[in-house]
Amino acid sequence: MDLTHTEPLGVAVVGAGYWGPNLVRNFAASGRWDLRWLCDLDRDRAAAVVGRTSPTRVTDDLDLILGDPAVVAVAVATPAATHTAVALRCLEADRHVLVEKPLASSLADGRKLVEVAADRGLILMCDHTYCYTPVVSHIAGLVTDGALGDIQYIDSVRVNLGLVQGDIDVVWDLAPHDLSILDFVLPPDRRPVAVAAHGSDPVGAGHACVAYLVLELGGGACAHLHLNWLSPTKIRTTLLGGSRQMLVWDDLNPAQRLSIYDRGVDLRVADDEGRRQTLVSYRSGAMVAPSLPEREALAGVVTELADAITERRPARTDGAAGLRVLELLECADRSMQAGGRSVTVEEVGN
Ligand SMILES: NC(=O)c1ccc[n+]([C@@H]2O[C@H](COP(=O)([O-])OP(=O)(O)OC[C@H]3O[C@@H](n4cnc5c(N)ncnc54)[C@H](O)[C@@H]3O)[C@@H](O)[C@H]2O)c1
């Protein structure tokens with residue numbers, strides 16, 4: 001099949017539920033893309049999303065999309081359990097693929113997708129949406145240029161009421177956000193190496209609706225993730241403590257999403273006439289709230305997909321990044337099955 005890349009590039013979105021319409025809106029708004037199709041098993045739902053006047057066609061038949069030679073890429077926004085089947089059909093039809101998080105519903109399936117894409121020279125990108133937000137780019141910059149110093153801890157709360165998923169538990173639903181953010185902002189030797197997880201299902205959903213993950217980071221620091229579908233209020237707050245500065249990211253406060261504190265604790269061991277003493281001093285300096293642009297992350301996602309295809313290079317959140325997240329999710333699964341024992345990435349990787 002001819003994959004010449006003349007812009008605007010033809011694209012189809014599969015899945016018109018809660019998230020798919022956001023992809024539809026961003027592909028339709030981008031001059032880089034020609035949104036040709038929206039596919040959903042529920043054709044009426046797809047029709048309602050595109051509206052009557054849109055040139056985008058709707059279908060419930062993926063083969064119709066794959067039979068359109070102008071479609072060079074497909075974005076998959078169906079439930080996680082269906083990602084592999086849908087994405088595999090698209091890759092095998094020589095289409096570049098953007099898959100929603102999590103890349104697949106198992107590490108083995110994710111590997112298969114990465115392998116097929118590599119064999120065929122296709123772009124496989126995972127929608128790790130937060131990696132395209134101005135706030136996460138800013139945090140990554142602070143980590144990279146050393147402004148925060150050594151990372152000492154990370155603590156994230158991602159809780160709300162619902163949406164209880166039928167096919168995956170709260171860890172596979174919400175943790176990909178935090179895990180992909182960590183993957184993006186931390187240097188490779190500081191990324192998570194082990195996970196201890198506890199989960200519970202107090203409403204009888206059949207899988208965990210509340211979970212707590214403790215991640216061991218390379219270099220010895222630790223991260224804690226609180227994931228909950230049963231919280232009365234929505235909270236999206238991350239603390240990141242560094243030896244130089246600390247930050248609080250409150251994603252629900254657009255007026256001050258990020259606060260960077262020149263605060264910390266310094267320990268010094270003093271020898272006072274033969275008596276060793278540990279001296280603790282607290283640094284309590286200024287707080288800075290950087291001004292960040294308000295930009296929709298998905299606009300960055302669709303641009304990155306177009307760039308990766310035309311420049312023939314891996315996307316910023318490529319299949320390999322998707323696999324690293326899947327490894328940690330599998331660690332969490334195994335840990336919960338083993339009563340919370342810490343499970344290493346090495347154990348699930350082999
Ligand atoms: N990146 C993000 O921030 C973000 C946020 C929410 C959801 N998501 C992801 O988006 C995906 C979809 O989630 P959702 O909440 O929109 O789910 P949803 O259940 O609301 O919608 C899924 C849609 O896919 C359709 N569908 C199912 N199987 C299909 C198939 N084989 N072919 C065509 N259509 C099919 C369903 O009819 C439904 O309309 C999930 O992977 C989820 O993790 C990502």
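Note: hydrogens, waters and symmetry copies are ignored here, and every other heavy atom, side chains too, is used. Note that ligands are numbered from 1 as they come in the structure, with each ligand's atoms numbered from 1 the same way. All values derive from a computational prediction rather than experimental measurement.
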Revision key, fill the gap. Residue pairs meeting ring pair (Phe, Tyr, Trp, His ring centres under 6.0 Å), one or both in residues 39-75, sequence neighbours left out, come to none
[atom]: the protein heavy-atom neighbour that sits closest, reported with distance to 0.1 Å:
atom	result
atom 39 (O) of ligand 1	Arg45 NH1, 2.4 Å
atom 31 (N) of ligand 1	Val86 CG2, 3.8 Å
atom 16 (O) of ligand 1	Trp19 N, 2.8 Å
atom 44 (C) of ligand 1	Glu100 OE1, 3.0 Å
atom 37 (O) of ligand 1	Asp40 OD1, 2.6 Å
atom 20 (O) of ligand 1	Tyr18 N, 2.9 Å
atom 11 (C) of ligand 1	Thr78 O, 3.3 Å
atom 21 (O) of ligand 1	Gly17 CA, 3.2 Å

Without hydrogens or angle criteria, can the side chains of [X] and [Y] be said to hold a donor-acceptor pair below 3.5 Å?
X	Y	result
Asp61	Thr59	no
Asp167	Trp172	no
Ser231	Asn160	no
Trp229	Asp173	yes
Tyr132	Thr317	yes
Asp250	Gln256	no

Check your understanding: Taking distance alone, with no angle check, do Asp173 and ligand 1 share an N/O pair under 3.5 Å?
Key -> no
Check your understanding: If we only count N/O pairs under 3.5 Å, is Pro102 in contact with ligand 1?
Key -> no
Review point. Can we call the ring centroids of His177 and Tyr130 under 6.0 Å apart?
Key: yes
Give the atom numbers and elements of ligand 1 that come within less than 4.0 Å of a heavy atom of [X].
X	result
Thr129	1 (N), 2 (C), 3 (O)
Val14	32 (N), 33 (C)
His177	2 (C), 3 (O)
His83	40 (C), 41 (O)
Gly15	24 (O)

Exercise for review: Tell me which part of Asp60 gets within contact of ligand 1: side chain, backbone, both or neither, using heavy atoms under 4.0 Å.
Suggested key: neither
Exercise for review: Kindly determine whether Leu23 and Leu298 satisfy side chain to side chain contact (heavy atoms under 4.5 Å, CB included), including the steps that lead there.
Suggested key: CA-CA 7 Å; Leu23 289 169; Leu298 281 183; 4.0 Å; yes
Review point. Under the salt bridge (charged side-chain N to carboxylate O under 4.0 Å, His left out) rule, what pairs show up with a residue in residues 341-350, not counting sequence neighbours?
Key: Arg341-Glu347
Check your understanding: So, Asp307 and Arg316, do they make that salt bridge, N to O below 4.0 Å?
Key -> no
Exercise for review: Measure from atom 12 (C) of ligand 1 to every heavy atom in Gly166, Ala77, Ser105 and give the option owning the shortest one.
Suggested key: Ala77
Review point. Judged by non-hydrogen atoms, does His128 sit under 4.0 Å from ligand 1?
Key: no
